[in-house]
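A short write-up of the structure that comes next.
For the numbers below, each heavy atom of this structure counts, side chains included, while hydrogens, waters and symmetry mates do not. Since the structure is predicted, the reported quantities are computational estimates derived from the model, not experimental observations.
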Amino acid sequence: MRESFDDKLHEECGVFGVYAPAGNNVSGDIYYGLVALQHRGQESAGMSVSDTEGPMGNITTKKDMGLVSEVFNKKDLKELSGNIGVGHVRYSTTGGSTPENAQPIAMNYIKGSLALVHNGNIVNAKELKEEQMYRGQAHYTTSDTEVLAYEIISERVGAPSIEEAVIRAAAKLKGGYACLVMSPRKLLGIRDPYGLKPLALGKKGDAYILSSESAAIRSVGGEFIRDVEPGEIVTITDSGVESIRPFADTGRAHCIFEYIYFARVDSVIDGISVHDARIRAGRALAKSDKVDADIVVGVPDSGLAAAEGYSYESGLPFSLAFHKNSYIGRSFIKPTDEERRIAVQMKQSVVSSVVSGKRVVLIDDSIVRGTTIRAIIEMLREAGALEVHVRISSPPFLYPCYYGTDVPSAGQLIASKHSTEEVRKNIGADSLAYLKTEDFASMVGDLPICSACFDNNYPV
């Protein structure tokens with residue numbers, strides 16, 4: 001994990017695809033869909049489009065490092081003309097942060113062309129790459145997305161359709177993933193059999209949309225239809241949507257951190273409102289212990305709903321204590337504690353009149369290294385807070401994630417090396433408590449989840 005100034009975990013990326021009737025141009029909707037998914041990745045952005053009535057190999061791609069608004073301009077969107085397309089925002093976990101690893105991956109091959117975007121991590125990508133190298137393919141690939149693209153192309157040579165090639169390739173994969181594959185005539189969405197990574201299906205007029213989150217579908221004026229089911233492959237053509245479930249039921253393991261932090265608060269994933277899940281997490285925190293305090297505040301943005309829930313359950317008033325600077329731009333490396341502290345202050349500042357003379361319960365979604373929460377506590381005290389009691393709406397991070405969430409090695413996780421009391425002293429809080437793993441049921445009911453980064457119980 002990069003030692004970025006906000007000291008937060010990062011999702012690998014977000015995907016967004018549109019299939020519209022012939023004669024329409026989807027690049028604008030993909031652009032705004034990617035903007036709505038920008039929280040899932042800020043290192044690079046890209047888009048591939050094609051015209052279903054044009055030449056079979058006619059896929060146009062634009063991708064580069066930077067935010068969506070930095071990569072594309074009006075001229076780009078005009079040149080990216082077509083009625084079918086896929087887009088991507090990336091934060092790298094497998095493969096370096098370089099332009100070469102930006103997505104989509106667009107390729108021509110003997111039977112045509114394709115473009116692919118991918119969210120997640122293929123844990124057996126190294127083995128697949130070695131097999132491809134033995135076959136004389138993919139000797140220069142650096143990302144698991146390229147490995148997947150080559151696997152589909154290899155299968156397409158002997159498969160009667162792109163759908164069958166995708167089925168054969170996906171059958172070899174292990175890990176968590178949501179992929180969109182675009183051929184010049186079809187748009188396919190694939191979700192891993194465990195449902196580790198989210199993928200939603202929507203509609204806007206006569207156009208169909210596939211997106212990492214339902215909120216991005218609504219942001220472009222579309223209607224959320226349903227989640228793509230774990231292990232499901234959907235194919236969108238001018239005939240509509242077709243669905244197949246070619247894989248055996250492995251049991252489900254949805255990523256709990258989508259509800260804790262990653263997803264937008266206005267998204268609904270696998271039938272559960274992200275906002276409501278965070279409210280319930282805050283309620284669970286308040287039920288666990290009683291704090292003699294005056295107000296509850298949340299760290300923007302993902303800590304706010306949990307702070308509301310804590311307020312509802314505890315009866316303490318909820319207050320907005322932070323001003324967030326929305327124009328700070330991308331995360332950047334800060335090599336010293338002092339520079340990290342300044343960077344935190346640049347990103348958000350404390351409203352002194354809210355906290356001065358008050359005993360504060362501070363709600364945040366997680367503690368990774370502890371550098372950010374320590375700086376925030378110092379800011380609250382400088383603003384006049386008498387006490388700062390920290391409550392975290394997730395359990396302590398103890399183990400790495402192998403499915404596309406950028407959890408660092410255990411040695412870099414403060415909770416893996418220190419007790420709760422030691423962490424409390426390290427960050428300078430008056431008290432510290434975490435959500436319990438058994439409280440996940442309060443958040444998401446009986447939804448089967450992956451919580452391996454907390455309990456070492458890996459589904460794959």
Side-chain angles (χ1 to χ4, degrees), residues 9 11-12 15 40 118-124 170-171 173-179 189-201 210-215 224-234 243-265 267-285 302 305-306 309 365-366 393-405 407 434-460:
L9 300 188
E11 174 58 287
E12 184 174 272
V15 300
R40 300 185 73 90
H118 163 241
N119 169 33
N121 204 38
I122 310 302
V123 298
N124 63 331
L173 305 181
K174 296 179 182 179
Y177 54 86
C179 301
I190 311 101
R191 191 178 183 191
D192 72 82
Y194 292 93
L196 282 157
K197 297 300 175 183
L199 188 61
L201 174 67
L210 289 166
S211 171
S212 288
E213 293 186 36
S214 61
F224 170 62
I225 298 174
R226 65 176 179 87
D227 294 285
V228 175
E229 292 293 320
E232 181 182 11
I233 298 176
V234 295
S243 169
I244 54 175
R245 293 175 173 82
F247 308 115
D249 186 7
T250 57
R252 300 187 179 188
H254 304 279
C255 176
I256 188 63
F257 217 64
E258 291 286 348
Y259 301 97
I260 294 170
Y261 173 65
F262 288 140
R264 276 178 45 157
V265 72
S267 283
V268 176
I269 300 176
D270 293 305
I272 296 173
S273 161
V274 173
H275 173 267
D276 292 352
R278 292 177 186 169
I279 291 286
R280 291 190 288 267
R283 285 186 176 275
L285 279 171
S302 52
D365 56 80
S366 60
S393 59
S394 67
F397 279 112
L398 300 174
Y399 308 100
C401 174
Y402 302 110
Y403 310 127
T405 300
V407 180
Y434 297 87
L435 191 76
K436 298 178 176 63
T437 53
E438 52 264 35
D439 289 329
F440 287 149
S442 300
M443 290 183 66
V444 297
D446 59 359
L447 183 75
I449 60 170
C450 174
S451 53
C453 51
F454 305 117
D455 59 19
N456 203 31
N457 183 21
Y458 294 93
V460 183

**Q.** Pair Arg226-Val234, side chain to side chain contact (heavy atoms under 4.5 Å, CB included): steps then yes or no
**A.** CA-CA 12 Å; Arg226 65 176 179 87; Val234 295; 3.9 Å; yes

Q: Check the pair Tyr403 / Tyr194 against ring-ring contact (aromatic ring centres under 6.0 Å, His included), numbers first and verdict last.
A: CA-CA 11 Å; Tyr403 310 127; Tyr194 292 93; 8.0 Å; no

Q) Hey, mind stepping through Leu447 and Tyr259 against side chain to side chain contact (heavy atoms under 4.5 Å, CB included) and telling me if it holds? A) CA-CA 12 Å; Leu447 183 75; Tyr259 301 97; 3.4 Å; yes

Q. Going through the distances and angles, do Asp192 and Leu173 end up as a side chain to side chain contact (heavy atoms under 4.5 Å, CB included)?
A. CA-CA 9 Å; Asp192 72 82; Leu173 305 181; over 6 Å; no

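A distance-only check finds no donor-acceptor pair linking the side chain of Arg278 to the backbone of Ser273 [under 3.5 Å]. The backbone N or O of Lys174 lies less than 3.5 Å from a partner atom in the side chain of Asn124, making a donor-acceptor pair. Between the side chain of Asp249 and the backbone N or O of Gly251, at least one donor-acceptor pair lies under 3.5 Å. In this structure, Glu258 contributes its side chain and Ile269 its backbone to no donor-acceptor pair below 3.5 Å.
Here Lys197 contributes atom NZ and Arg40 contributes atom CZ; the two are 7.0 Å apart, rounded to the nearest 0.5 Å. With values rounded to the nearest 0.5 angstrom, Tyr399 atom OH is found 10.5 Å from Asn457 atom CG. Interatomic distance, OH of Tyr434 versus CG of Leu285, reported as 12.0 Å (0.5 Å rounding). Summarising the geometry, atom OG belonging to Ser267 is positioned 13.0 Å from atom CD1 belonging to Ile272; distances are rounded to the nearest 0.5 Å. Within the model, atoms CZ of Phe257 and CZ of Phe397 stand 3.5 Å from one another, a figure rounded to the nearest 0.5 Å. Atom CG of Leu435 and atom CZ of Arg280 lie 12.5 Å apart (nearest 0.5 Å).
Counting heavy atoms from C-beta outward, Leu201 and Leu210 have side chains that approach closer than 4.5 Å. Between Val444 and Ile256 there is a side-chain heavy-atom pair separated by less than 4.5 Å. Two residues are said to be in side-chain contact when any heavy atoms from C-beta on lie closer than 4.5 Å; Ser393 and Met443 fail this criterion. Side-chain atoms of Pro395 and Phe440, non-hydrogen and from C-beta on, do get closer than 4.5 Å to each other. Contact of the Ile233 side chain with the Phe247 side chain is registered, since non-hydrogen atoms from C-beta on lie closer than 4.5 Å.
Checking each of Pro246, Pro193, Ser243 against Glu232 for a side chain to side chain contact (heavy atoms under 4.5 Å, CB included) leaves exactly one that passes, namely Ser243. Just one residue in the list Pro400, Cys401, Ser451 forms a side chain to side chain contact (heavy atoms under 4.5 Å, CB included) with Tyr458, and that residue is Pro400.
Of all the heavy atoms in Glu213 and Ala200, the pair that sits closest is C-CB, 4.3 Å. The shortest non-hydrogen separation linking Cys450 to Leu196 is CB-CD2, 3.5 Å. Ile260 and Asp365 make their closest contact through CG2-O, 3.7 Å (heavy atoms, listed as atom of the first residue, atom of the second, distance). The shortest heavy-atom contact between Leu199 and Ala178 is CB-CB, 4.2 Å. Nearest heavy atoms, Tyr177 versus Ala170: OH-O, 3.8 Å. Contact between Val228 and Arg191 at its shortest, heavy atoms only, is O-NH1, 2.7 Å.
Sorted by first then second residue, the side-chain hydrogen bond (donor to acceptor under 3.5 Å, both in side chains) pairs that include residues 437-446, not counting sequence neighbours, number zero.
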